[in-house]
Trainee: 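Structure provided below as structure tokens; questions to follow.
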There are 2 protein chains.
Amino acid sequence: MKVDGKHFRSIWLEPDGWSVGAIDQRRLPHEFVVARLTNVGEAAAAIRAMLVRGAPLIGATAAYGMALAMREDASDAALARAYEVLIATRPTAINLKWALEEMRTVLRPLAPSSRGDAAYARADDIAEEDVAINQGIARHGLSLIEAIAARKPGEPVNVLTHCNAGWLATVDWGTATAPIYLAHDAGIAVHVWVDETRPRNQGASLTAWELGHHGVPHTVIPDNTGGHLMQHGQVDLVIVGTDRVAANGDVCNKIGTYLKALAAHDNGVPFHVALPSPTIDFNVADGVTQIPIEQRSADEVTHMTGRTADGRIETVRIVPDGSPVANYGFDVTPARLVTGLITERGVLKAERAALAAAFPERIAAAAE
Amino acid sequence: MKVDGKHFRSIWLEPDGWSVGAIDQRRLPHEFVVARLTNVGEAAAAIRAMLVRGAPLIGATAAYGMALAMREDASDAALARAYEVLIATRPTAINLKWALEEMRTVLRPLAPSSRGDAAYARADDIAEEDVAINQGIARHGLSLIEAIAARKPGEPVNVLTHCNAGWLATVDWGTATAPIYLAHDAGIAVHVWVDETRPRNQGASLTAWELGHHGVPHTVIPDNTGGHLMQHGQVDLVIVGTDRVAANGDVCNKIGTYLKALAAHDNGVPFHVALPSPTIDFNVADGVTQIPIEQRSADEVTHMTGRTADGRIETVRIVPDGSPVANYGFDVTPARLVTGLITERGVLKAERAALAAAFPERIAAAAE
């Protein structure tokens with residue numbers, strides 16, 4: 001998507017044909033800084049330090065990390081080492097494991113002399129596949145936005161989103177944002193309510209940043225606000241991303257998503273979840289009871305980082321000394337509250353039968 | 001309630017018998033500073049600058065402000081001037097207007113020579129009446145907590161609250177916190193989930209502070225967390241305060257309250273609202289459609305104030321430059337989601353008939 005008129009992806013091959021460029025997302029929204037990754041150690045550090053984040057982007061970064069490793073040393077030992085270094089960066093990211101196994105499967109059978117080129121080719125493909133999936137989500141989600149736009153000519157379609165399921169979390173387009181960007185680029189008036197998404201504020205710092213730089217009208221709101229807006233007809237549609245969808249259609253996503261789903265249900269607002277199909281986990285029968293919820297560092301709740309009036313980046317404590325905090329990273333929205341799942345193969349009902357019919361190869365693989 | 005073992009109210013008459021002490025709430029939670037108010041201008045400034053906040057405390061401060069005015073000049077002109085100065089401090093606070101009219105009604109018929117003592121006496125009474133109301137709420141709410149404690153011996157009763165309806169917002173005890181303090185002081189194990197309450201963070205900065213200093217076990221959570229906790233049986237009871245309750249039992253409270261009420265309803269968790277009866281507005285028939293919702297300054301959303309590692313108080317920007325924000329101060333929870341209204345006269349159903357039966361004199365006054 002665009003940053004001040006120029007098209008960017010979140011990760012790319014530099015014109016030199018081998019080094020990898022990426023946006024340093026730790027500096028957003030206050031500074032736009034591009035990092036250059038030149039070896040597997042730098043790629044691993046970028047993932048570990050969250051210079052890149054978002055499951056699809058982590059996968060693509062890991063793939064390019066393997067390519068950088070093969071460029072320097074394409075031996076079996078180097079391949080194994082690169083895999084180990086990269087898999088250790090973020091223990092729970094499913095796309096990370098998938099991308100690394102994919103790279104290893106492609107590279108292992110090859111002679112070392114062929115591995116460098118093959119690694120770059122497969123890494124490029126992994127990035128392009130992510131973009132293609134998100135474009136599929138964009139097309140299917142667009143029809144939902146078009147239908148609402150047709151009912152209220154001359155008025156913008158108001159979409160509420162939570163956290164950052166934007167292009168910064170993927171290679172391009174994003175998941176929840178993909179239909180929004182496509183609608184905006186097609187000339188449909190869209191306005192996005194952006195939940196700030198405490199405690200890490202990915203909504204305020206990333207989603208608002210990317211929407212603003214692409215030119216999509218939006219308004220940042222505290223996470224507390226969505227219910228009031230829906231109660232007063234100011235939200236036409238909710239679209240969120242997801243970290244994992246269970247076989248029964250239960251949706252695990254950033255903490256607070258469930259509250260917005262409840263408000264949408266209470267006010268008759270459609271609640272959609274955008275998901276690339278790799279996010280479906282057919283091995284989890286029931287999301288609410290079976291998906292473990294990660295508890296994260298207290299610092300994310302007790303401290304806040306931002307820019308002072310004179311331009312310094314400072315971190316301040318906002319919770320009294322001695323008050324314990326809890327920091328659950330995700331919650332699970334029951335399928336009964338989900339209007340539809342926007343996948344690259346269409347908008348599906350949030351239920352096992354619909355998911356199985358659309359992705360038969362995935363359910364077959366899960367049964368193995 | 002207690003601050004590190006010593007009993008405090010939020011406002012008090014100093015031992016000199018005329019000047020007024022108050023906790024400077026702008027400095028919390030990072031510093032505990034007591035202010036001394038010595039004239040009506042200082043009292044007005046304290047309200048305007050939010051050195052004191054919370055409707056009942058604002059009312060008491062205004063009453064003492066009138067007393068300070070009468071001490072210096074008890075003429076009719078000074079009485080009128082003091083009223084004007086104080087009423088202009090916070091345009092929408094209902095208790096402010098009530099307290100000032102009460103003071104004027106008492107003072108006007110008196111000879112100037114009697115007004116000073118009468119003003120202090122009535123201001124003291126207004127403060128004591130607030131404490132008495134909150135103690136009534138405490139007693140009635142205690143029975144709810146005791147009933148839950150009886151069902152889970154050996155385990156703490158988990159109460160979730162939103163914003164600060166604590167003793168700092170009143171003269172003492174608070175409203176939502178009153179039953180919690182009484183239960184804790186009675187030896188019942190209580191644990192409070194404290195919503196941080198963006199954007200002004202009154203939960204993290206005030207409720208957590210006061211619970212911690214009184215010794216009540218508590219955990220600060222992002223506002224996004226309550227749904228997940230309720231879904232997993234970690235909340236036994238929600239108690240919140242309110243700014244205004246409509247005749248039909250709809251509850252206006254800090255933005256985000258409605259989302260917690262939805263989550264409580266979805267998970268069978270009792271959702272109670274603690275209210276001093278002056279909060280009931282029989283002139284509003286339907287809260288959801290008729291209560292106007294104040295929109296507040298964007299700064300509250302875009303900026304955050306806290307303490308740096310080296311002890312400085314800094315304000316940082318957390319939203320990208322150029323991203324618009326919306327800041328709705330309150331939302332309205334429909335009566336159908338409210339399990340009960342904890343008043344000084346008992347726990348009532350959130351419906352017109354129950355409110356009218358408990359407060360017949362209020363409904364009669366509203367009909368005039």
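Just so it is clear, the values below take in all heavy atoms, side chains as well, and ignore hydrogens, waters and symmetry mates. Note on naming: letters A, B, ... go to the chains in the order of the sequence lines (proteins, then strands), and numbering restarts at 1 for each one.
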Trainee: Of the backbone (N, CA, C, O) and the side chain (C-beta and beyond), which part of His30(A) lies under 4.5 Å from a heavy atom of chain B, both, or neither?
Mentor: side chain

Trainee: Measure distances from Arg200(A) to the heavy atoms of chain B and classify the residue's part below 4.5 Å as side chain, backbone, both or neither.
Mentor: neither

Trainee: If you count heavy-atom pairs within less than 4.5 Å of chain B, which of Pro324(A), Gly227(A), Pro29(A), Pro217(A) leads?
Mentor: Pro324(A)

Trainee: Taking all non-hydrogen atoms of both residues, which atom of Val301(B) and which atom of Pro222(A) are closest, and how far apart?
Mentor: CG2-CG, 3.8 Å

Trainee: Does atom NE2 of His214(A) have more than 12 heavy-atom neighbours from other groups under 6.0 Å away?
Mentor: yes

Trainee: If I compare all heavy atoms of Leu262(B) with all of Ala263(A), which pair ends up nearest, and what's the gap?
Mentor: CD1-CA, 3.5 Å

Trainee: Heavy-atom distances under 4.5 Å only: say whether Asp195(A) touches chain B with side chain, backbone, both or neither.
Mentor: neither

Trainee: At a heavy-atom separation under 4.5 Å, does Gln234(B) approach chain A through its side chain, its backbone, both, or neither?
Mentor: side chain

Trainee: Select one option (side chain, backbone, both, neither) describing which atoms of His232(A) are under 4.5 Å from chain B's heavy atoms.
Mentor: side chain

Trainee: Output the option from Ile221(A), Ile318(A), Ile255(A), Val194(A) having the highest count of non-hydrogen pairs under 4.5 Å with chain B.
Mentor: Ile255(A)

Trainee: If you round to the nearest 0.5 Å, how far is CD of Glu314(A) from CD of Glu314(B)?
Mentor: 4.5 Å

Trainee: Please look at Gln231(A) and chain B and tell me whether the side chain, the backbone, both or neither of the residue comes under 4.5 angstrom of a heavy atom of that chain.
Mentor: side chain

Trainee: Looking only at non-hydrogen atoms, find the nearest pair between Ser323(A) and Ala208(B) and report the distance.
Mentor: OG-CB, 3.6 Å

Trainee: Less than 4.5 Å to any heavy atom of chain B: does that hold for the side chain of Asn201(A), its backbone, both, or neither?
Mentor: side chain

Trainee: Please look at Leu229(A) and chain B and tell me whether the side chain, the backbone, both or neither of the residue comes under 4.5 angstrom of a heavy atom of that chain.
Mentor: side chain

Trainee: In terms of heavy-atom pairs under 4.5 Å with chain B, which of Leu28(A), Thr333(A), Val332(A), Thr289(A) leads?
Mentor: Val332(A)

Trainee: Go through the atoms of Glu210(A) and report whether side chain, backbone, both or neither lie under 4.5 Å from a heavy atom of chain B.
Mentor: neither

Trainee: Are side-chain heavy atoms of Arg317(A) and Thr308(B) found at a separation under 4.5 Å?
Mentor: no

Trainee: With rounding to the nearest 0.5 angstrom, report the CZ to NE2 distance, Arg307(B) to His303(A).
Mentor: 7.5 Å

Trainee: In sequence, state the C-alpha distance, the side-chain angles, and the governing distance for Tyr258(A) and Asp266(B), and then conclude on side-chain hydrogen bond (donor to acceptor under 3.5 Å, both in side chains).
Mentor: CA-CA 11 Å; Tyr258(A) 168 46; Asp266(B) 199 45; 2.7 Å; yes

Trainee: Applying the side-chain contact (heavy atoms from CB on, under 4.5 Å) test to Val220(A), which of Thr302(B), Asn327(B), Val319(B) qualifies?
Mentor: Val319(B)

Trainee: If I measure from the heavy atoms of chain B, does Thr315(A) come under 4.5 Å with its side chain, its backbone, both, or neither?
Mentor: backbone

Trainee: So Glu196(B) and Val325(A), side chain to side chain contact (heavy atoms under 4.5 Å, CB included) or not? Walk me through it.
Mentor: CA-CA 10 Å; Glu196(B) 66 172 341; Val325(A) 307; over 6 Å; no

Trainee: Identify which part of Leu211(A) has an atom lying under 4.5 Å from any heavy atom of chain B, answering side chain, backbone, both or neither.
Mentor: neither

Trainee: Are any of the side-chain heavy atoms of Arg312(B) and Val316(A) separated by less than 4.5 Å?
Mentor: no

Trainee: For residues His228(B) and Asp331(A), report the shortest heavy-atom separation together with the two atoms involved.
Mentor: CB-CB, 3.8 Å

Trainee: Is it the case that atom NE2 in His191(A) sees more than 12 heavy atoms from other parts of the structure closer than 6.0 Å?
Mentor: yes

Trainee: At a 4.5 Å cut-off on heavy atoms, which part of His162(A) comes close to chain B: side chain, backbone, both, or neither?
Mentor: side chain

Trainee: What part of Val288(A) gets within 4.5 angstrom of chain B, counting heavy atoms only: side chain, backbone, both, or neither?
Mentor: both

Trainee: OG1 of Thr197(A) to CG of Asp223(B): how many Å apart, nearest 0.5 Å?
Mentor: 12.0 Å

